[in-house]
Amino acid sequence: MATAAAQVPVVAQAAQTDPAAQKADEAGSGLADIVVTAQKRAESLQDTPISISALDASALEAKRVVSLADLGSAIPNMQVSPHPNSGTTLRVTIRGIGEPTATQTRDNSVAIYVDGVYVAKGQGLANELAELERIEVLRGPQGTLYGRNATAGAINFISKAPVLGDFSGQQNLTFGSFSEFRSRTSVNIPFGETAAAEITYLRVKKDGFVRNLGPGERHFGDVDRQAVRAALIWKPIDAFEARYTYDSSWIDDTSPFGQAVPLYPAEGKLSRTASSGPFALLPGNTQVQGHNLTLTYDVSSNLTIKSITGYRRLDDQTYQVYNPGPVRAFLPFSNANSTRGKQFSEELQLIGDLFDNSVKYVGGLYYFSESGYGDDNSQMPSGFNPRHLTWDNKAYAVFGQATWTPGFMDERLHITVGARWSRDEREATVRSTRTPPGGATVLVLQGSGKKGFNDFSPTGTIQFDINQDANVYAKITRGYRTGGFNPTASTAATFAEGFKPESLMSYEAGLKSEFFDRRIRFNLAAYCSKYKDIQTNVFDPLNPRIFDIINAGKAVTQGVEVDVTALVFAGMTLNASYGYTDPKYKKVVDLGGNDITSNFHFQHAPKHSYTLSADYKSPETPVGIVEANVNYAWQDKYFGVASDPRIITLSHGLLGARLGLSNVAGIEGGARGRLGTQPHQRQLLPEPFLGWRRAGGHVRRTAQHGRRPEHEILKEEVRWI
C-alpha cells in the first residue's frame, strides 16, 4: 500500500553557497562531505564511528521533513507515531526500542535534543520545525557524551545561527490538498560587525480528512499551529561567542481519528466520516517554549570551553474522543489530558586535544531538574475516572571521552574510551478516583514514592583507516534508562515500589567508505544489543488504562543498516538506505513469577524498512535553476501492542515529489536563494592543494584551496570546500 505526498512551493529564501564548493559540485568532482557534531566536535560523518543519519537544510526541504513526525519516513530502522490519546505526543522507536506510553514519570528510550538541550517530555514534540541547519539521528545507546542517557539513540535538532553582517529575509509559502497552507517568514538583522539577530515566524493550517458528524469542530485531525523563534549571536572577539535562542510553538489541533479495525490478517476500510458522539470535538491547546544560552570560549588552539544552559516549559491540553463510525450514544468514551511542566539543565564541556593532536578529548559536568503535574480525565462506560499526578526529578552526571591516534601504523588506528557516571533522583505522587454513573466516588489509587539510582556506563571503540577513502570500526557501549514510578499502577503498593532502571550492552561494527573519486558512498553498520531488567508494560485485561511497569527480564535486538549514495552525473544524486531489525524477548516474568515470554513482542519495530530518493539540480538556464526530488519510503508490518499479536499495522509506503525553480531571472532567490545586501564572507586557509592531509585525527582529502577550520564548519553549511 502506497500513498503520495506533493506540494506547490512559492519560495524566496536563503542560500549561502561557497563559490569553490559550488564549482566543484557543478563539475561533478565528488559527493559533498557531511559534517556532524555527534561527538561534540565538528567532524566528517565518514570519520564518525557511529551509525548515524544526517539531513541538512536542503535534504529536509527536498524530503519535506517539517516536523519530528516526518522523520520516520526518512530514516530506516526508525518509527515515529502519534500516541493514541494525543496527536501532539509522539512516540519514537529506533532499532525496535522505544517508549509506547505517554507516561510523564517515565523517560523516553530515544533522547531528543534541541541545540544541545535535552527535551524531557514527549508531549508537544509534534511542534513544527522553524529554522533548522540539520538533524542528526544517532542509532544505538549514547551513554557517554549526552546529558540524558538513552538506550535506543538520540535525535539532535541543530538550528541555524544568525549571520553576522548580513541583512536578509526569506518567505516560504506552501499550498496543498485539504486546504493546506504553510507560511514561514524570516528576517536576519545585523548589529554592526559583532552581533546579529534572526526572527522567524511559522504558520500552518490543514483540514483533517475525516468529517465529524457530531458536535464541535468539522474534522478529526485538523492542524492549526504557529511557531516563533528569535535568535541572537554576539561575537566580540574571535575566541568568544554567545548565542541565545528563544522558541515557542502553539498547537491547536483537533483529536486524531481513531477507528475500530479488524484483527490481522483482515484489513479495515478507511472511514471518511465519523461522529464524536455525545461529546463535542474540541481543539487542543498546547504551548511549548524554550530558552537556550550557549557560550563558547577558545582558551587556546587546543582547548575550548562550552556552556549550554537550557530552560523549557510545557503547557499541554488535549481532548480525545473515541467514538468512530455512526453515533453510539450508549458508548461514551473521551479523554481530557493536561500536562504542565518545566525543566532546567546546565552542561559544561571541555573540548580539546593533547600531544600534538594525537589525543582528542571531551569531558564535562551535567545537571538536570524537572517538575510538573498532569491531570488525566477519562469518561468511560464505567464512569468518570480522573487522575492527578505530580513529579519532581533531578539528575547529575560526570562524563568524559578521549580518542588516541598513535604514531605507528601511519596514524591510521584510532582508539576511543569513555565513561559516564549518573545519579537520578525521582519523586512522584498520584491520586485516582472513579465515579460510576449514578454512584458514589471511590478511591482507585493513591500513593507517593521517592527513589535514587546510580549508573556507570563505559564505552570503547576501535577504528582503522583502511585507506584515505574507507575505514572500519568496532564499538561496545553500555546503555541505561533510569527507573521511576508508574501512575497507572494496579495498586498503591506497586506504585510506591516503582520500577528499576533498565540497561543493555550494545555491540556494533561498521564500514564507512567512498569509491570512484568520491562519487559513490557506501556505509554499513551491524549491531546486537542485549537487554537486562527491561521495562515492560503488563496491562489489565479488563481496563486498558491500568498497567504495571515491571523489570520483566531479558531481550535481544539485532540488525543491519546500509546507506548508499551515488553522484550519477553533475547535479544528479541517487540515495538508497535499508534497515533490518530483529528484536526478541528472551525472558518476561510477571509480578507473580510466571513466565509469560511467549505473550510479548516488540511493538513499532518493522523488520525491514528502506528509503529511495533521487535529487537533480540543473545548470543555470535562462529561466533559472530547476530543482527536483522524488523519494519513496517503505516499512514492513509490525506489532501495534506488545502483548497482543493480533494487532498489527500492515506494511506501507510513502511517495513524495518536489519540483522547484531557483535563481529566477538571475535573482538569487526563487526556490533556494538569499535576498540579502551583503554576501556572506568565508575564511579559507590560503594554502595550496596538499593532497591527502590529516584532519581531526583521520585521513581526509582537502580541496584545492584548503579547508575550513573546525570552528567554521560548525557554523556553515555541511560540506567541505
Side-chain angles (χ1 to χ4, degrees), residues 9-14 57 60-61 64-70 87-90 112-117 119-121 123-135 156-163 166-174 180-191 195-206 222-234 242-253 283-294 308-318 339-344 674-676:
V10 181
V11 191
Q13 67 178 26
L60 294 172
E61 182 181 358
R64 204 168 184 266
V65 176
V66 297
S67 71
L68 176 61
D70 301 318
T88 64
T89 300
L90 297 180
I112 309 294
Y113 295 87
V114 177
D115 289 332
V117 175
V119 180
K121 293 291 173 279
Q123 288 79 0
L125 281 181
N127 60 325
E128 301 296 299
L129 308 179
E131 196 69 24
L132 287 176
E133 177 179 295
R134 69 183 181 277
I135 299 177
N156 298 329
F157 294 95
I158 301 164
S159 64
K160 295 180 180 178
V163 181
D166 182 22
F167 183 86
S168 59
Q170 61 176 354
Q171 176 64 56
N172 181 304
L173 298 173
T174 299
E180 180 181 9
F181 171 74
R182 182 182 302 271
S183 173
R184 180 159 58 184
T185 307
S186 182
V187 178
N188 191 94
I189 306 171
F191 299 99
E198 184 179 63
I199 301 175
T200 304
Y201 173 72
L202 181 73
R203 185 74 173 96
V204 181
K205 286 185 70 70
K206 185 177 182 179
D222 281 344
V223 175
D224 187 355
R225 301 176 181 178
Q226 300 181 69
V228 65
R229 176 178 177 271
L232 299 171
I233 187 171
W234 180 46
R243 182 176 169 187
Y244 167 76
T245 304
Y246 169 78
D247 67 270
S248 184
S249 300
W250 296 266
I251 306 174
D252 297 318
D253 299 1
N285 183 7
T286 299
Q287 182 180 9
V288 184
Q289 56 181 316
H291 302 265
N292 178 304
L293 177 63
T294 300
I308 303 176
T309 306
Y311 176 77
R312 302 192 67 84
R313 293 185 64 92
L314 169 68
D315 187 350
D316 177 49
Q317 299 182 51
T318 58
T339 300
R340 292 186 177 180
K342 59 184 179 180
Q343 66 170 76
F344 172 82
R674 178 167 290 275
L675 303 179

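The structure displayed is predicted, hence computed values, not measured ones.
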How long is the span from the [atom1] atom in [X] to the [atom2] atom in [Y], to the nearest 0.5 Å?
X	Y	atom1	atom2	result
Leu173	Arg184	CG	CZ	11.0 Å
Asn156	Leu132	CG	CG	11.5 Å
Glu133	Leu60	CD	CG	10.5 Å
Asp253	Asp222	CG	CG	8.0 Å
Arg340	Arg313	CZ	CZ	9.0 Å
Asp247	Phe157	CG	CZ	11.5 Å

Apply side-chain contact (heavy atoms from CB on, under 4.5 Å) to residues Lys121 and Val288 and explain how you reach the verdict.
CA-CA 10 Å; Lys121 293 291 173 279; Val288 184; over 6 Å; no
Identify, with sequence neighbours excluded, every residue that meets ring pair (Phe, Tyr, Trp, His ring centres under 6.0 Å) alongside Tyr244.
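If we apply the ring pair (Phe, Tyr, Trp, His ring centres under 6.0 Å) test to Tyr244, skipping adjacent residues, there are no hits.
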The criterion is ring pair (Phe, Tyr, Trp, His ring centres under 6.0 Å); which residues satisfy it with Tyr246, sequence neighbours excluded?
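So Tyr246 forms a ring pair (Phe, Tyr, Trp, His ring centres under 6.0 Å) with His291.
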Trace of the side-chain contact (heavy atoms from CB on, under 4.5 Å) decision for Glu198 with Ser186:
CA-CA 7 Å; Glu198 184 179 63; Ser186 182; 3.5 Å; yes
Looking only at the side chains, is there a donor atom on one of [X] and [Y] sitting less than 3.5 Å from an acceptor on the other?
X	Y	value
Gln171	Ser183	yes
Thr174	Glu180	no
Thr294	Asn292	yes

Please give me the minimum heavy-atom distance between [X] and [Y], naming the atom from each residue.
X	Y	result
Leu232	Ala197	CD2-CB, 3.2 Å
Lys160	Arg229	O-NH2, 2.7 Å
Gln287	Ser248	NE2-OG, 3.2 Å
Ser159	Asp115	OG-OD2, 2.6 Å

Apply the test side-chain contact (heavy atoms from CB on, under 4.5 Å) to residues Ile189 and Phe167: give CA-CA distance (whole Å), side-chain angles for both, the deciding distance (0.1 Å), then the verdict.
CA-CA 5 Å; Ile189 306 171; Phe167 183 86; 4.1 Å; yes
In this structure, are over 12 heavy atoms from other groups packed under 6.0 Å from Trp250 atom CH2?
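Yes, enclosed.
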Are the side chains of Tyr113 and Ile158 in touch, meaning some heavy atoms are under 4.5 Å apart?
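A side-chain contact is absent here, since even the closest heavy-atom pair is not under 4.5 Å.
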Does any non-hydrogen side-chain atom of Asp315 lie less than 4.5 Å from one of Thr286?
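The answer is no, as the side chains (C-beta and beyond) never meet within the 4.5 Å cut-off.
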Without swapping roles, check the side chain of Asn188 against the backbone of Ala196 for a donor-acceptor pair under 3.5 Å.
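No.
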